[in-house]
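First comes the structure, then the notes that go with it.
In what follows, every heavy atom counts, from backbone to side chain, and hydrogens, waters and symmetry copies are set aside. Quick note on labels: first sequence line is chain A, next is B, and so on, each numbered from 1.
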Amino acid sequence: DAMVIQNPRYQVTQFGKPVTLSCSQTLNHNVMYWYQQKSSQAPKLLFHYYDKDFNNEADTPDNFQSRRPNTSFCFLDIRSPGLGDAAMYLCATNRQASSYNEQFFGPGTRLTVL
Amino acid sequence: GDSVTQMEGPVTLSEEAFLTINCTYTATGYPSLFWYVQYPGEGLQLLLKATKADDKGSNKGFEATYRKETTSFHLEKGSVQVSDSAVYFCALSVSSKLTFGKGITLSVRP
């Protein structure tokens with residue numbers, strides 16, 4: 001089945017130790033998104049790629065970076081995780097940059113910062 | 001800016017009860033409207049959507065109608081099941097970015 005895959009499902013890191021989260025998709029969608037979701041809150045968009053074009057949200061901290069080496073893969077890098085960065089990180093895709101299409105979400109990676 | 005307002009939760013219902021979850025929106029353009037559901041420990045799944053005024057989205061017994069005159073997209077189900085227990089998010093999209101409501105937790109008792 002075509003899907004959005006996130007690895008790992010659970011990630012534990014230490015305060016200040018860089019961490020990378022991975023997302024892959026078999027849908028061949030042009031757009032990929034990264035969201036941060038803290039407990040009992042709505043997902044918050046960090047950034048998205050339309051093909052190779054990177055679009056950062058204005059309030060996304062510099063501590064968060066992303067790479068999209070090809071259509072299928074997208075990575076979220078947290079350069080120096082703080083305790084406040086503990087959250088669920090959701091990857092999503094969209095076929096086109098259109099308001100009509102729904103986004104397809106992966107299962108998420110839960111990040112714990114010790 | 002664009003925003004979505006959901007009724008306050010949580011909501012607890014008995015099995016087979018009628019469900020309504022209110023959602024209203026503010027948008028500068030002509031948004032598409034969505035309901036997403038999140039089961040514990042999982043990502044979001046699309047439940048239903050509507051892309052223009054008076055459209056009705058439906059799936060798994062859930063329905064919602066895009067009401068432009070009241071800027072609303074209320075979610076309804078005639079008879080809830082224990083398996084419907086989850087968090088429900090109303091969302092809008094004007095461009096390709098989603099704006100979510102705060103979500104509401106639904107618990108259904110046997």
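- Side-chain heavy atoms closer than 4.5 Å link hydrophobic residues (I, L, V, M, F, W, Y) into clusters, and following such links, even through other members, never connects A/Leu76 to A/Val4.
- Chain A forms the most heavy-atom pairs under 4.5 Å with one residue out of B/Gly29, B/Gly43, B/Gly101, and that residue is B/Gly43.
- Both the backbone and the side chain of A/Gln103 come within less than 4.5 Å of a heavy atom of chain B.
- By the rule that hydrophobic residues join a cluster once side-chain heavy atoms approach within less than 4.5 Å of another member, B/Leu48 and B/Met7 end up as members of one cluster.
- Annotation: cation-pi geometry not satisfied between A/Arg110 and A/Tyr10 (NZ/CZ under 6.0 angstrom from ring centroid, within 45° of ring axis).
- Scored by the side chain to side chain contact (heavy atoms under 4.5 Å, CB included) test, B/Lys52 finds B/Asp55 as partners (sequence neighbours excluded).
- Distance alone, capped at 3.5 Å, is enough to place a donor-acceptor pair between the B/Asn59 side chain and the B/Leu47 backbone.
- The sulfur atoms (SG) of A/Cys91 and A/Cys74 lie 2.5 Å or more from each other.
- Contacts between residues 45-60 of chain A and chain B, defined by a heavy-atom separation under 4.5 Å, are made by A/Leu45, A/His48, A/Glu57.
- A salt bridge links B/Lys56 with B/Glu63; the closest basic N to acidic carboxylate O contact falls under 4.0 Å.
- For chain B, no part of A/Phe104 is nearby; none of its heavy atoms comes within less than 4.5 Å.
- Of the two parts of A/Gln6, neither the backbone nor the side chain holds a non-hydrogen atom closer than 4.5 Å to a non-hydrogen atom of chain B.
- Ring centers of B/Tyr36 and A/Phe105: under 6.0 Å apart, within the cut-off.
- With a 4.5 angstrom heavy-atom cutoff, B/Lys49 touches chain A only via side-chain atoms.
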- prompt: So B/Phe62 and B/Tyr88, ring pair (Phe, Tyr, Trp, His ring centres under 6.0 Å) or not? Walk me through it.
  reply: CA-CA 12 Å; B/Phe62 291 90; B/Tyr88 291 80; 5.7 Å; yes
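- When heavy atoms are compared at a cutoff of 4.5 Å, B/Leu46 approaches chain A solely by way of its side chain, counted from C-beta outward.
- Heavy-atom distances place the side chain of B/Gln38, and not its backbone, under 4.5 Å from chain A.
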